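Bear in mind that the values here come from a model prediction, so they are computed numbers and not experimental data.
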Amino acid sequence: MNRSEKDLTLDKIKLIFEYNESSPLFARVAEGELQRGNIDDAVRILEAGLRIHSDYPSAHFVLALANAYSGKEEEALNSAARGSELLGSSE
């Protein structure tokens, strides 16, 4: 998939998410915000989404990345640990 196709796909995902913010697509939207360097927006989206979908491992891993990029090492480790726990993995 080339760059413009990825952008188009993300735009479609964002449109669906904007229509239904309780969608589990929030993790993908937040990951896109991270790629664009919008760390605070990504964290905001992830925290709101995790209030609804608290057992969504991928969202916890994306939040771990966002926290790491923000220099919040302890929060990053906690988010990664929670994602691993939800997957039944100790790694």
Of the non-hydrogen atoms in [X] and [Y], which two are nearest, and what is the gap between them?
X: Ala80; Y: Ala64; value: N-CB, 3.7 Å
X: Gly83; Y: Pro57; value: O-CB, 3.9 Å
X: Pro24; Y: Tyr56; value: O-CE2, 3.2 Å
X: Phe61; Y: Ser84; value: CZ-N, 3.4 Å
X: Leu46; Y: Ala30; value: CG-CB, 3.5 Å

Got His60 and Asp55 here, is their nearest side-chain heavy-atom distance under 4.5 Å?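 Sidechains of Asp55 and His60: no contact.
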Min side-chain heavy-atom separation Asn78-Glu74 under 4.5 Å: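 The answer is yes, as the side chains (C-beta and beyond) meet within the 4.5 Å cut-off.
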Just verifying a value: how many Å separate [X] [atom1] and [Y] [atom2], rounded to the nearest 0.5 Å?
X: Leu86; Y: Ser54; atom1: CG; atom2: OG; value: 8.0 Å
X: Leu50; Y: Phe26; atom1: CG; atom2: CZ; value: 4.5 Å
X: Leu63; Y: Glu31; atom1: CG; atom2: CD; value: 13.5 Å
X: Ser70; Y: Asp40; atom1: OG; atom2: CG; value: 6.0 Å
X: His53; Y: Ser58; atom1: NE2; atom2: OG; value: 12.5 Å
X: Leu77; Y: Arg82; atom1: CG; atom2: CZ; value: 16.0 Å

Same apolar cluster: Ile45 and Ile52, side chain cutoff 4.5 Å: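 In one cluster: no.
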